[in-house]
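Notes for the one structure printed next.
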Amino acid sequence: MRDVPLWREPVPPDGTTMGEPEARGRFGEYGGRYAPESLVEACREVEEAFRQAWADPGFRGALARLLALHAGRPTPLTPAERLSQALGVRLYLKREDLTHTGSHKINNVLGQALLAARMGRRRLIAETGAGQHGVATATAAALLGLEATVFMGERDIERQALNVFRMRMLGAEVVPVTTGSRTLKDATSQAMRHWVGATGDSHYCIGSVVGPDPYPWMVREFQRVIGEEARGQCAAELRTGVPDHVVACVGGGSNAAGTFAGFADTPARLVGVEAQGGAGAARGRLGVLHGCRSLFLQDDEGQITQAHSIAAGLDYPGVGPEHAHLRDLGRARYVTVTDEEAVGAAVRLARTEGIVPALESAHALAWVIRAAGDGELPAGSTVLMTLSGRGDKDVSTLKELL
Ligand SMILES: *Cc1c(COP(=O)(O)O)cnc(C)c1O
């Protein structure tokens, strides 16, 4: 299915887009803190601690050091030479696939783990779908001497045996979730319930720009490093300084939010690419899930429905509240691609640039390929695309298809 082009002119750079949320953690009519009373208090503590830490050069310096020495930042901006030539646009890849543990998730997790240690917490609680966020959390916990408890749906445990082993190897406890669809949505619900009884000594480390305030804001700030690095790299690399389009895949929306944050005050057009079966921003309706008011896939009775995507990281039935708001503003637009398009894009990147991307990231590329083909991306335009992760985790999925 083809998305209808919906360009409105970008909101003029007023310096406020992608700043702090409004009172009570709102992005327009989205966001908020819809949680049981005990978690509202815990979220308040996280917000206070984050606010102080983020204003503290000592914390910023310690995080920058971890990102450089442990995660391998800054990541390169790679011109995709052969693919660009074939597509007739100039495509630049922000290489989050080259970070330690293989995706952008590590940026957020190192930030939250450092914050947890500063708050005197001794344990991280996390949910995971494909296991990427779980592995990143287990990694950060090991690095900082914290414990890690990771909730994971029973079905995902079966499907992602390698990542389950990696988490256990890193010393994390992996707790199987047997309720509901036994996948990410239920793992998240269970992790939140578990946190209710453990707020005193544990920090809940959410893996995307979802959940109750302050998580959507805090996680975006921890991922902002992607956009800020890319902004500087584009300034050095491009004659115009800023690319015409900035593109990223959207599950909950953290790699996209971090990328967009670096370009929100520029004329660059922001495009979030969702999986056809997990298109919260493109097709969701207003609802509340996991502590937050946002756009979710729902049935006629308002029940949240199950998402379906070949990319486990895009298999979430909603989208972060700030993306819902950016969509309403017309500052970013959200498009969808199919599983088949994503697989095709992954193969094409592998064979033209020697990079096997994560299937999530391949969604963003699939849109670039389609839009270059149908003229939506005019010939010669410059495109920055965040390559959120590497494809090692997807080889067993791809092996069955190719
Ligand atoms: C988790 C994941 C995503 C989706 O999460 P966002 O919060 O939308 O960024 C995308 N790409 C990779 C490689 C992932 O691991």
Side-chain angles (χ1 to χ4, degrees), residues 75 93-109 112 126-137 139 152 156 160 162-163 166 183-184 187-188 205-211 215-216 218-227 247-261 271-275 278-282 290 292 294-295 307 309-324 326 332 334 336-337 342 345-346 349 355-366 385-395 397:
T75 58
L93 305 173
K94 181 60 176 160
R95 302 291 304 279
E96 296 304 294
D97 61 314
L98 292 179
T99 56
H100 179 49
T101 70
S103 85
H104 67 289
K105 298 250 167 41
I106 194 75
N107 305 326
N108 164 48
V109 158
Q112 287 199 51
E127 78 293 330
T128 197
Q132 292 299 100
H133 176 58
V135 168
T137 301
T139 299
M152 189 169 186
D156 290 331
Q160 304 290 339
L162 183 63
N163 274 342
R166 286 167 83 194
T183 58
L184 178 61
T188 307
C205 183
I206 297 184
S208 189
V209 286
V210 298
Y215 285 92
M218 175 170 73
V219 175
R220 180 249 280 162
E221 288 302 288
F222 285 141
Q223 295 292 3
R224 179 183 282 277
V225 66
I226 304 172
V247 185
C249 66
V250 174
S254 67
N255 86 88
T259 305
F260 292 177
V271 182
V273 185
E274 298 186 295
H290 299 144
C292 165
S294 192
L295 298 171
S309 171
I310 194 168
L314 305 185
D315 221 342
Y316 187 74
V319 70
E322 190 167 29
H323 287 292
L326 291 172
Y334 296 86
T336 65
V337 306
L349 188 67
I355 299 168
V356 178
L359 281 173
E360 290 83 0
S361 324
H363 282 70
L365 183 64
M385 191 200 105
T386 295
L387 193 70
S388 56
R390 60 178 174 241
D392 306 36
K393 68 184 179 56
D394 297 316
V395 289
T397 306

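First listed ligand is number 1; within each ligand, the first listed atom is number 1. From a predicted model like this one, the values you see are computed outputs, not experimental measurements.
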Using only heavy-atom distances, determine whether the side chains of Asn255 and Glu96 contain a donor-acceptor pair under 3.5 Å.
no
Does a donor on one side chain and an acceptor on the other come within less than 3.5 Å for Thr101 and Thr139?
no
I'd like to check which ligand 1 atoms, numbered from 1 as shown, lie under 4.0 Å from a non-hydrogen atom of Ser208.
6 (P), 7 (O)
Need the ligand 1 atom indices (1-based, order shown) with element for anything under 4.0 Å from a heavy-atom of His104.
2 (C), 3 (C), 6 (P), 9 (O), 10 (C), 11 (N), 12 (C), 14 (C)
Under a 4.0 angstrom heavy-atom cut-off, which atoms of ligand 1 come close to Cys249?
10 (C)
Do you know the tightest heavy-atom contact between Val209 and Ser254?
CG2-N, 3.6 Å
Counting heavy atoms only, which of His363, Lys105, Glu96 is nearest atom 14 (C) of ligand 1?
Lys105
Under 3.5 Å, is there a donor-acceptor pair between the Thr75 and Lys94 side chains?
yes
Just jot down the ligand 1 atoms closer than 4.0 angstrom to any heavy atom of Gly389, in number order.
13 (C)
Please determine if Gly252 has a nitrogen or oxygen closer than 3.5 Å to a nitrogen or oxygen of ligand 1.
yes
Ligand 1-proximal atoms of Ser254, by part, heavy-atom distance under 4.0 Å:
both
Please confirm whether Gly251 comes within less than 3.5 Å of ligand 1 when only nitrogen or oxygen atoms on both sides are compared.
yes
Got the closest protein heavy atom to atom 4 (C) of ligand 1, with its distance?
Gly313 O, 3.3 Å
among protein heavy atoms, the one nearest atom 12 (C) of ligand 1 is Ser388 OG, 3.5 Å
Quiz question: by atom type and distance under 3.5 Å, do the side chains of Ser388 and Ser103 form a donor-acceptor pair?
no
Does only the side chain of Val250 get under 4.0 Å from ligand 1, or the backbone, or both, or neither? Count heavy atoms.
backbone
Ligand 1 to Val209 polar contact by distance, N or O atoms, under 3.5 Å
no
Contact summary for Lys393 and Leu359, nearest pair of heavy atoms
NZ-N, 4.4 Å
If you look at every heavy atom in Ala307 and Pro317, which pair is closest and at what distance?
CB-N, 3.8 Å
Pairs of nitrogen or oxygen atoms closer than 3.5 Å, one from Asn255 and one from ligand 1: do any exist?
yes
Compare all side-chain heavy atoms of Val356 with those of Asp392 and state whether any distance is below 4.5 angstrom.
no
Less than 4.5 Å apart, side chain to side chain, heavy atoms only: is that true for Ile206 and His133?
no
If you count the atoms of ligand 1 from 1 in the order shown, which ones are under 4.0 Å from a heavy atom of Gln132?
15 (O)
Just by distance, no angles: are the side chains of Tyr215 and His290 close enough, under 3.5 Å, to form a donor-acceptor pair?
no
Taking 4.0 angstrom as the limit and counting only heavy atoms of Ala358, give me the atoms of ligand 1 inside it, by number and element.
13 (C)
